[in-house]
There are 2 protein chains.
Amino acid sequence: MPEYSGAGDPKHTLELLWGVRERPRRGPRPKLTVERLVTAAIAAADADGLNALSMRRIADDLGVSPMSIYTYVPGKAELIDVMVDRVLGELTPADGVPGGWRARLEHIARDNWALFHRHPWLLHVAIVRPPMGPNVLAKYEFELRAVDGIGLTDLEMDAVVALVIGFAESSARVSVNAAEAERRSGISDEAWWAATAPVLEKLIDGAAYPLGERVGTAAGQEYNAAVAPARAFEFGLGRILDGIEVLIASR
Amino acid sequence: MPEYSGAGDPKHTLELLWGVRERPRRGPRPKLTVERLVTAAIAAADADGLNALSMRRIADDLGVSPMSIYTYVPGKAELIDVMVDRVLGELTPADGVPGGWRARLEHIARDNWALFHRHPWLLHVAIVRPPMGPNVLAKYEFELRAVDGIGLTDLEMDAVVALVIGFAESSARVSVNAAEAERRSGISDEAWWAATAPVLEKLIDGAAYPLGERVGTAAGQEYNAAVAPARAFEFGLGRILDGIEVLIASR
DNA sequence: CCCCAACTCTGTACGCCATACGGTGTAATA
DNA sequence: TATTACACCGTATGGCGTACAGAGTTGGGG
């Protein structure tokens with residue numbers, strides 16, 4: 001069960017994202033700021049994953065009581081929205097990248113791939129109704145700039161960008177999930193397979209899956225688990241950009 | 001926070017997947033079977049999502065106490081493994097599809113897309129260390145068969161299949177997340193945007209995001225939320241298959 | 001200058017969750 | 001018939017988000 005973005009009151013969330021809350025005129029000085037809250041939450045999520053990100057945990061890290069967090073943020077959903085916009089600010093435009101649209105899209109894909117590895121919890125937030133903060137808007141803008149003026153229609157520009165971003169997310173997910181499974185179980189992929197394979201062999205008919213056995217073992221030997229996702233990313237990115245090139249060339 | 005496949009004891013999980021538990025020789029007749037349990041769990045997850053899939057809920061549906069479920073299954077993780085293998089059995093081989101490798105890969109992509117929409121919870125299970133049941137193995141086998149004998153190396157066959165499957169998952173995720181957000185919030189995408197847009201306009205500089213505004217509104221008008229994910233799927237699939245065609249043609 | 005409104009912070013409590021543990025009753029075997 | 005293996009269940013533990021009510025603090029209005 002993922003967390004969902006865009007689950008809170010739109011108006012309140014937007015005010016948080018853009019930091020337009022007016023300072024309170026009366027009452028005690030606040031101990032915290034939304035900024036500090038979000039920073040602590042991101043640090044916790046980076047370190048221990050989205051499962052470990054609880055309001056109690058953040059409060060402990062900040063030395064306040066759990067409920068006082070609700071002074072700054074209406075709920076966990078809105079907090080996550082702000083976290084998402086914040087880390088998306090780490091992405092960089094492809095404007096200066098030499099090599100044309102292909103190099104620019106490659107930059108965007110690699111940049112996203114790296115971001116998902118720096119903040120793996122991002123993959124476990126279902127980003128629908130994206131938090132329309134400054135960084136989300138800037139991201140969309142410079143993504144489109146990467147494919148502007150190369151003969152695509154507006155709709156195609158949007159579709160091409162979505163395809164590349166979606167691919168980066170999808171392949172990063174494989175990689176991140178594998179790393180998280182290893183960390184959480186304490187069992188490496190190799191050890192898991194070593195425990196699984198002999199039991200499996202006793203269960204299946206030897207000749208039932210000829211292709212799967214041949215290709216599976218070939219892939220397993222050539223790419224050990226540590227680099228396999230990275231290779232899949234490189235391969236897929238190449239094919240997708242080739243496909244986009246076909247489209248552009250047809251114009 | 002997703003659920004994870006492959007989180008249980010490999011040996012026990014495999015025995016469940018292949019149904020090789022020997023019948024108990026003594027003791028009371030079991031009220032349930034693993035089959036019935038899995039069927040009920042899938043029905044609950046289909047109807048109300050993975051969040052609503054609790055051991056208590058399944059037990060209620062089946063008329064037993066929560067703890068008795070642990071007689072059949074070591075824990076929730078293993079139950080989900082069996083659920084996954086079960087529903088993957090709904091996928092069909094592309095063997096008889098006319099039109100060569102391209103049509104076969106299209107069939108596989110569409111078949112997966114449809115499966116994810118029939119069982120949206122599948123997207124919220126992080127499938128690492130896949131449950132090596134009969135259906136998972138069969139799936140991999142017939143996926144490879146779709147690209148066998150067209151001039152690709154074993155490693156390329158594996159990579160091409162992974163690319164297409166990953167794309168289908170990725171684009172289905174967008175679609176499913178949108179539908180789930182709508183259902184869980186009771187607010188349609190249009191209504192959400194109608195609440196968001198005016199607040200947003202007051203916050204941002206009018207000329208700050210020229211491309212985003214132009215392309216975003218164009219995409220929003222052309223594809224309403226209901227069909228946008230399906231269009232993105234068709235567009236992306238076309239580009240990816242084009243890219244694969246470039247590879248195959250280079251042989 | 002004082003009082004009160006506005007505000008921050010906190011303790012407690014509720015209803016969820018998975019599941020560990022120990023006990024109870026049943027059915028087939030020795 | 002006695003034993004043993006087993007299914008089933010009640011209770012309890014420690015987690016979660018957050019509703020609610022109260023306590024304490026500050027600045028502005030009279």
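None of these values were measured; they are calculated from a predicted model. Residue numbers begin at 1 in each chain, while the letters A, B, ... track the order of the sequences.
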For A/D46, check side chain to side chain donor-acceptor pair (under 3.5 Å) against everything at least two apart and list the hits. A/H119, A/W121
So do the side chains of B/I204 and A/M132 get within less than 4.5 Å of each other, counting heavy atoms only? no
Taking only residues two or more places apart in sequence or in another chain, which ones pass side chain to side chain donor-acceptor pair (under 3.5 Å) with B/E78? none
ring-ring contact (aromatic ring centres under 6.0 Å, His included) involving B/H12 - partner list, sequence neighbours excluded: none
By salt bridge (charged side-chain N to carboxylate O under 4.0 Å, His left out), A/E15 pairs with (sequence neighbours left out) A/K11
Looking at residues 77-87 of chain B, who's got a heavy atom less than 4.0 Å off DNA chain C? none
Whether each nucleotide of nucleotides 22-30 of chain D has a protein heavy atom under 4.0 Å at its base (B), only at its sugar-phosphate (S) or at neither (-) is summarised, 5' to 3', as --BBBBS--
Here the residues of residues 53-65 of chain B within 4.0 Å heavy-atom distance, strictly under, of DNA chain C are B/L53, B/S54, B/M55, B/R56
Are A/F233 and A/V174 packed together at the side-chain level, in the sense that at least one heavy-atom pair is separated by less than 4.5 angstrom? no
Pairing residues for B/V34 by the side chain to side chain contact (heavy atoms under 4.5 Å, CB included) criterion, not counting sequence neighbours: B/L16, B/V38, B/Y72
Find the bend of the helix from C/dC1-D/dG30 to C/dA30-D/dT1 as the angle between its two terminal axes (five pairs each), to the nearest 10°. 30°
Answer whether the closest heavy-atom distance between the side chains of B/E180 and B/P120 falls below 4.5 Å. yes
So, is A/Y70 close to the D/dC20 phosphate, meaning a side-chain N or O under 4.0 Å from OP1 or OP2? no
Which salt bridge (charged side-chain N to carboxylate O under 4.0 Å, His left out) pairs, counting each pair once, include a residue from residues 162-179 of chain A, with sequence neighbours left out? A/E169-A/R173
Taken in chain and number order and not counting sequence neighbours, the residues that satisfy side chain to side chain donor-acceptor pair (under 3.5 Å) with B/D158 are B/Y140
Pairwise salt bridge (charged side-chain N to carboxylate O under 4.0 Å, His left out) hits with a residue in residues 118-141 of chain A, at least two apart: A/E90-A/R118, A/R129-B/D189, A/K139-A/E143
Taking all non-hydrogen atoms of both residues into account, name the closest pair between A/A109 and A/V164 and its distance. CB-CG1, 3.9 Å
Quick one: does B/L122's side chain get under 4.5 Å of B/L88's, heavy atoms only? yes
Residue A/S68, side-chain atoms from C-beta onward, closest of D/dC9, C/dT10, D/dT18: C/dT10
